[in-house]
Each structure stands twice: as structure tokens, then as C-alpha cells.
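Order of the sequence lines sets the chain letters (A, B, ...), proteins ahead of strands, with each chain counted from 1.
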Number of protein chains: 2
Amino acid sequence: MSLKHVILTLIHQAPSTGYEINKSFEQKIGYFWHASHQQVYQELAKLKKTEMLTCEHKPQTDKPDKKIYSITVKGRDELRKWLHQSLPEKKYKDILLVRLLSADLLPLDKLCEQIQKAAEFEQHRLDEFLHIQKQCYSDEQKKYLSALDKRLFINMRKGILLAEAELAWAKEALETLQN
Amino acid sequence: MSLKHVILTLIHQAPSTGYEINKSFEQKIGYFWHASHQQVYQELAKLKKTEMLTCEHKPQTDKPDKKIYSITVKGRDELRKWLHQSLPEKKYKDILLVRLLSADLLPLDKLCEQIQKAAEFEQHRLDEFLHIQKQCYSDEQKKYLSALDKRLFINMRKGILLAEAELAWAKEALETLQN
DNA sequence: TACTGTTATGCAATTATATGCATAAGGAAC
DNA sequence: GTTCCTTATGCATATAATTGCATAACAGTA
């Protein structure tokens, strides 16, 4: 439903290869959308078949050949249409919360360990975001952000706020469990 | 991967029918795990076939017949095994953040409308949680929580903290966009 | 020279989810 | 009396996502 549009969004920003799109998913985009490389290549093939994208073949001598995809008018129309649709309901999936429900089969210390580990992961995420914030968005820089940079800033802020909430929860949860 | 274990968790707590499990997903469980009724019935059939669950058929005269599922020893072992596995990485999917990236195809006012709508949904969620918190977890009551109630409390707290973070983000985002 | 990592693509098979439709009986509302 | 809601189950099909495997050339390193 949406991976299609995520990819269209990326290629709309700039023509790209599957490899580059995969890199985006591994790096920045990965914080708010997850996709494997197989999924990406399959989706690109589908988008080409339905004429949302065109593909230019770029042979290379030293490295494997590239396929550079560009968005078509049809693709841009589809993207615009999707952007105007109302947001589908969020589908929450939080394994840790499920595990809490059957913790009588999981010793308290093991459970706390899992919460601890999840917290460390979030801390790592948060640190990365905070680093970006420091580097790219000083109070001075924030005054003169372009429209695009504003949007990137907002996205990063969500990463920060959610990671902080996760961390606050983990702390509280550990205290309550071990009280 | 996990729906299986979510269902095992629920039936481990108490033998249930597919209908009851679906109710759980629509209500409380829905806040941290989403599943449709078709998915649930199919998964129950699979779990029965693989002998994780047994099924007792309860004919009823006034209403459609029930199938009451109970967890088997094999099912409980499977659940315990899963509980001890380390958590898989979270797979983030946030459509709103994707949409922010291609906002040049979406007028600012429409974008803000979508953020506003998402915020209203979160506010509704938050209100429900806060209501539960007020009803069930007064300062006095919190002192004497059973192990299970503690876990339920922790889950609810996550709902509250995350919803608050979403709301804080939405407010900030709207301010930045409209500055 | 063999191993590891990066660039670059993909197929095949399976599993997980979603979409649409179907049945059936009781009760409440209009 | 017909329409809608709740209880209770499910099938068939379609789409999305994961898992495992495969290819290939170069570059660095041990």
C-alpha cells in the first residue's frame, strides 16, 4: 500500500537506483520506514511495469551495471493523489508490551533485561538524532531553514521525542517492576 | 512470527473463543497489537493443527456455536521459548513522516490538516488511557498492585507516554510549519 | 591466496496481512 | 416488518513482506 508511495517520494526528489534507495532505507529513512532490499527491487519492477517509473540502464565497467529510475507524470499524479488521501489508522505492534502480559512464563530478571536492552537501542537512536540536531540545527541555523529543511527538522524532532518517551517509559517500567 | 505468540499469550491467560480474542484486539490489546478477525481465525486454525491449542466445541441454541480454545503443554513451551528470545528490531512505519518529505506536492494547509487530524486521534487515545488511569490506578491503589496489575499498569503508561509525545510533536510541527 | 566488504542486481518460496464476501440467529429500534 | 447491531464463524483471493539463495567484479587486508 505505502512502500510504493515511499519509493515514489524518494524518486520524485531525485532519480535514483535501487541501490541508492536501499541505502536511504538503511540510513535516514529507516527511522520512519522499514523495507528490505528484496522488497525495494520488487516494488521498483512493479512500478516500472505500471508506468509510474521509467528506467535508464547505465552500464559500468568497474562495478555492476546501474538502473536509474525516474518518476513519470503518471507516477507523480499517483503520488499526489496518495498524499491527499486521509491517513489510514496506525497499526500498533509492540512485542515488549505483549511479553509483559505473559510475564509469568518469563522470570522478572529476564524481562527487565529485555526492557533494558530495548532502552539501550533507543538511547543509541536518540544519540544519533541529538548529534544531527547539534550539527545541523543550531538556534542560529533554525531561523533560516528552507521549506524542505523545515520538514526534515520536524521529522528528526519526532525521532527525538518518541525515543525520549520510550526511554522515560523504560525507566518507569523498571522502577515499577523492581519497586 | 508474532501474532501466533500474541494469541498464545491471550489463551494462556484464559481459554477463549476466537470471538473473544477478536474483542481483545479491538479493545485493550489493539493499542499495542493490531490484527483483523480473519487473521485471528486463520491463526487459531493453524495453532490447532500444530497442536499448540486444543479446541472444545460448545453448541449454543440462541447464538452461533462457540469454539473454546485452550493452550496445550506444547503451546506453552513454544510461548516460553519465544518469550526468552531476544526482541527483533522494531520496524518503523510512519506515513505522516513520509508525506512530510514530499510536501511540495501537498499544499501546506492540507499537510497541517493531516497533522491536526492525527493529533486529534492521539488525543482521543490519550483521553481513554487517562480515564483508565484515573479509574483504576489512584495513588492509593498503586501501592497494592498484584504482579499482573503492575504489568497492565506499565502497558497503559506506555500508551500515555507515547500519545503525549505524539501530541507534543504535532504541536511543535504545526508551529514550525506555520511559523 | 583466501576472506571480507562494497557495489549492484535479482529469483523463488514461504509466510503474513488485507480485502471482499458469506452465513445465521436473536434482539432492539424505527 | 424491515433494517441494523451483536454474536460467532469462516473461505477465497490478493497483496505485502520475509527468508534463503544467487551472481559478479573490484578493493582491501591478513
In whole Å, I'd like the distance from the [atom1] atom of [X] to the [atom2] atom of [N].
X       : N      : atom1 : atom2 : value
A:His5  : D:dT15 : NE2   : P     : 14 Å
B:Glu43 : C:dA16 : CD    : P     : 7 Å
B:Phe25 : C:dA16 : CZ    : P     : 14 Å
B:Gln39 : D:dA16 : CD    : C1'   : 12 Å
B:Glu89 : D:dA17 : CD    : C1'   : 16 Å
A:Leu3  : D:dT18 : CG    : C1'   : 13 Å

Indicate for each nucleotide in nucleotides 5-12 of chain D, in 5' to 3' sequence, whether protein heavy atoms under 4.0 Å reach the base (B), only the sugar-phosphate (S), or nothing (-).
-SBBBBBB
Under 4.0 Å, heavy atoms only, any strand: does A:Lys93 hit a base, just the sugar-phosphate, or nothing?
sugar-phosphate
Using a heavy-atom cut-off of under 4.0 Å over every strand shown, decide if A:His57 touches base, sugar-phosphate, or nothing.
nothing
Less than 4.0 angstrom from a charged side-chain N to a carboxylate O is my criterion; do A:Arg80 and A:Asp77 meet it?
yes
Can we say A:Lys23 and A:Glu26 salt-bridge, meaning some charged N sits less than 4.0 Å from an Asp/Glu carboxylate O?
yes
Results of side chain to side chain donor-acceptor pair (under 3.5 Å) for B:Tyr92 - residues two or more places apart only:
A:Glu122, A:Arg125
Salt bridge (Lys or Arg N to Asp or Glu O under 4.0 Å) pairs touching residues 169-179 of chain A, sequence neighbours excluded, are A:Glu172-B:Arg157
Sole residue of B:Lys134, B:Glu140, B:Gln135 in side chain to side chain contact (heavy atoms under 4.5 Å, CB included) with B:Ser138:
B:Glu140
Just by distance, with hydrogens left out, do [X] and [Y] show a side-chain donor and acceptor under 3.5 Å apart?
X        : Y        : value
A:Lys150 : B:Asn179 : yes
A:Gln123 : A:Asp127 : yes
B:His5   : B:Glu78  : yes

According to a strict under-4.0 Å criterion, is [X] in side-chain N/O contact with OP1 or OP2 of [N]?
X       : N      : result
A:Lys4  : D:dT15 : no
B:Lys91 : D:dT18 : yes
A:Lys46 : D:dA14 : no

Does B:Phe129 belong to the same Ile/Leu/Val/Met/Phe/Trp/Tyr cluster as B:Phe121, with side-chain heavy atoms less than 4.5 Å apart forming each link?
no
My understanding is that only residues two or more places apart in sequence, or in another chain, count here; which of them pass ring pair (Phe, Tyr, Trp, His ring centres under 6.0 Å) with B:His37?
B:Tyr41
In residues 47-54 of chain A, which ones come under 4.0 Å of DNA chain C, going by heavy atoms?
none
Does some side-chain heavy atom of A:Tyr69 sit less than 4.5 Å from a side-chain heavy atom of A:Thr54?
no
Please round to 10 degrees the angle between the axis of the first five pairs and the axis of the last five pairs in the helix from C:dT1-D:dA30 to C:dC30-D:dG1.
30°
